Amino acid sequence: MRKIYFAIVLAILAAGCSKHVTVKEISVVPEPVFVLQKEGSFTLKDNPRISLAGIGQNSPTARYVMSSLRHARMHPSMVSSGKNSDIDMEILDTANPELGDEGYLLEVRSTGIRMSANTETGLFYAYQTLVQLLPPDINRVRYRAITLPECTILDYPRFEWRGAHLDVCRHFFPPKFIKKYLDVMASYKLNRFHWHLTDDHGWRLPSEKYPKLNTIGSWRVDRDDQPWGEAEPPREGERATYGGYYSKEDIAEIVQYAAERGIEVIPEIEMPGHVSALLASYPQMACDYRGGKNEVNPYRVEIGPYWPPRAILCLGKDSTLVIMNDLLDEVMDLFPSARYIHLGGDEAFKDNWEQCLKCQRRIRVERLRDEDELQSWFMSNMAARVSARGKQAIGWDEISESGVAWSGTPDTADVVPAPADSESNMIVMAWRGQQLGIAAAAAGHSVIMCPTDYCYLDYYQANPLFQPKSIGGMITLEKAYSFEPAPEGTDSIAESNILGGQCNLWTEYINTPSHAEYMLLPRMLAISESLWSPREKKDWNRFRRTLEDQKERLASRGYNYCEGSFEPHFIARRIDDQTMNISISTEVPNTYIFYTTDSSTPTRKSSIYVGPLNLERGTHIKILPVYKDLERDTVYEYVIK
Ligand code: ACM
Ligand code: ZN
């Protein structure tokens with residue numbers, strides 16, 4: 001009886017929650033190519049009828065749409081095409097060249113919603129846009145009916161490569177979180193998940209042929225109770241208990257989950273540096289020196305700061321190349337559908353090679369100029385192996401230092417010498433600076449832009465006094481939004497070689513999913529708009545206003561995010577020799593700005609800024625920004641000049 005009573009109360013509560021809402025404004029991130037809002041409207045009821053043309057009911061996008069509507073506590077049903085439907089999804093019989101492979105047309109008419117595209121991915125993106133027309137709390141509140149404005153949205157991406165990277169080596173993140181990461185990427189139309197799977201701090205791929213990679217290389221001594229930068233070295237005999245690796249099944253499931261959301265997974269296996277976890281497992285792959293024995297650095301899966309990262313593969317030993325070829329084959333077997341394999345190549349400290357007789361012999365035998373060319377020779381061999389499987393190799397921009405690895409006709413023997421005259425074709429991932437990427441693109445290489453000063457989302461995003469400890473740097477939301485993969489002035493050949501860009505999330509200081517989300521969001525949205533929207537459609541003021549709605553969407557889906565930076569921004573106009581007219585804002589709309597000009601410390605009782613101020617030069621202004629009770633103690637001081 002009590003159960004029945006409880007059920008009745010629940011039913012009444014649920015009915016009480018259901019309501020009718022009218023959406024007035026269209027705001028979508030990333031901003032579409034073309035949006036036309038009209039006078040009329042269409043009301044979507046909670047039992048929408050969906051019709052499909054050109055894709056089956058069991059296609060991933062159809063299943064995704066049904067499941068997403070059900071998640072919003074609607075009761076969708078499929079009806080056959082041509083019948084009266086509320087949402088009509090159609091692959092165009094005759095392709096519309098303007099839409100390309102990922103574009104779509106979304107029309108809300110008085111009679112229903114129509115989504116059309118050349119491809120299933122296009123339809124998937126049309127649906128992502130439709131979701132953003134629905135109320136932000138659609139996941140939490142049950143709506144009986146949603147009235148949408150009539151509109152036409154035509155949309156397609158500016159760049160083909162719209163990526164997000166995640167380092168799962170410094171800290172390990174479970175498959176469940178990887179899926180949550182993919183979900184938010186898909187919402188904002190990102191399509192490349194760069195999965196950084198091997199590094200000094202852990203090996204996260206399963207290996208059948210080299211099992212020590214999982215028994216040794218995937219585990220490190222746990223120092224998560226200490227700040228990363230201050231981690232104590234392991235004590236004698238201390239057990240390695242932190243870490244893990246993904247199973248073959250995890251990987252297959254994640255790749256499929258990503259594909260159903262229009263996302264390709266790019267596995268990264270680091271070489272020839274960042275290999276402590278590999279050398280801890282198989283120390284015979286390191287250089288022998290000082291009398292044939294490596295006495296200087298017994299390798300271990302690293303904990304905490306590890307700089308400079310001296311662990312490097314010995315390229316003088318054929319056996320190293322044999323193992324690397326095997327590992328590369330294993331990666332390609334684990335990711336059979338991957339078009340791209342990332343081979344790392346960054347921050348290879350070559351001191352060991354200088355001292356290693358075998359590496360020096362390799363340099364002589366292969367007629368290489370120096371250690372840089374040795375790296376290039378090695379990357380070339382690896383790229384050739386990738387290419388032999390019909391895949392494309394990518395490397396961090398260091399690979400361009402001595403002519404970039406090539407991948408010509410591969411010799412499938414285990415040790416592949418690289419002919420010197422081959423064309424370079426590794427894709428360059430430019431992280432150390434945009435100019436470097438532009439130079440590589442101008443020299444004919446395909447380039448992915450992820451310069452540290454815009455795209456490294458492990459950097460601080462607001463006043464460090466009030467933020468979780470980070471690796472350093474400062475990329476506010478506004479800075480991330482100013483990311484331009486092909487800056488004005490880039491010549492047209494270079495521009496045509498820029499495939500796009502991505503944000504990178506290194507996790508030295510990030511050890512929980514919630515913290516990872518906090519660093520990623522909302523800056524990932526800024527990067528997404530830089531990669532998807534036409535250059536001329538970007539508008540910081542529109543974007544920052546839109547973000548308030550996006551934050552609500554993220555919160556309602558259970559994502560953690562940062563509110564943003566409250567550092568005051570000034571626009572100063574000269575009135576006369578003595579006086580300036582000052583406008584003040586922060587990147588977060590609706591921030592209250594309290595201020596004083598008499599040197600006293602501002603409080604919430606001080607003057608509140610409501611519009612531009614005329615201030616004498618030399619005035620001391622102190623500002624206290626307040627937003628939802630955050631940053632209540634931060635006072636910023638300036639002198640008007
Ligand atoms: C990198 O950040 N070392 C690619
Ligand atoms: Zn060596």
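Just so we're clear, the structure is a prediction, and the values are computed from it rather than from any experiment. Start at 1 and go down the list; that is how both ligands and their atoms are numbered.
Checked by distance only, ligand 1 and His274 stay at 3.5 Å or farther apart across all their nitrogen or oxygen atoms. Checked against a 3.5 angstrom limit, the closest N/O atoms of Glu347 and ligand 1 fall inside it. Residue Trp396 places no N or O, backbone or side chain, under 3.5 Å from any N or O of ligand 1.
Within 6.0 Å of atom NZ in Lys180, more than 12 heavy atoms from other residues, nucleotides or ligands are found, so the atom counts as buried in its surroundings.
Here is the list of ligand 1 atoms found below 4.0 Å of a heavy atom in Trp506: 1 (C), 2 (O), 4 (C).
A salt bridge (charged side-chain N to carboxylate O under 4.0 Å, His left out) with Asp318 is found for one member of Lys358, Arg362, Arg361 and no other, namely Arg362.
No hydrogens or angles considered: a donor-acceptor pair under 3.5 Å links the side chains of Trp396 and Glu268. For Glu347 and Trp307, the side-chain atoms include no donor-acceptor pair closer than 3.5 Å.
Residues Trp161 and Phe159 keep their aromatic ring centres 6.0 Å or farther apart.
For atom 2 (O) of ligand 1, the nearest non-hydrogen atom of the protein is Tyr456 OH, 2.6 Å. Of all protein heavy atoms, the one closest to atom 3 (N) of ligand 1 is Asp346 OD2, 2.7 Å.
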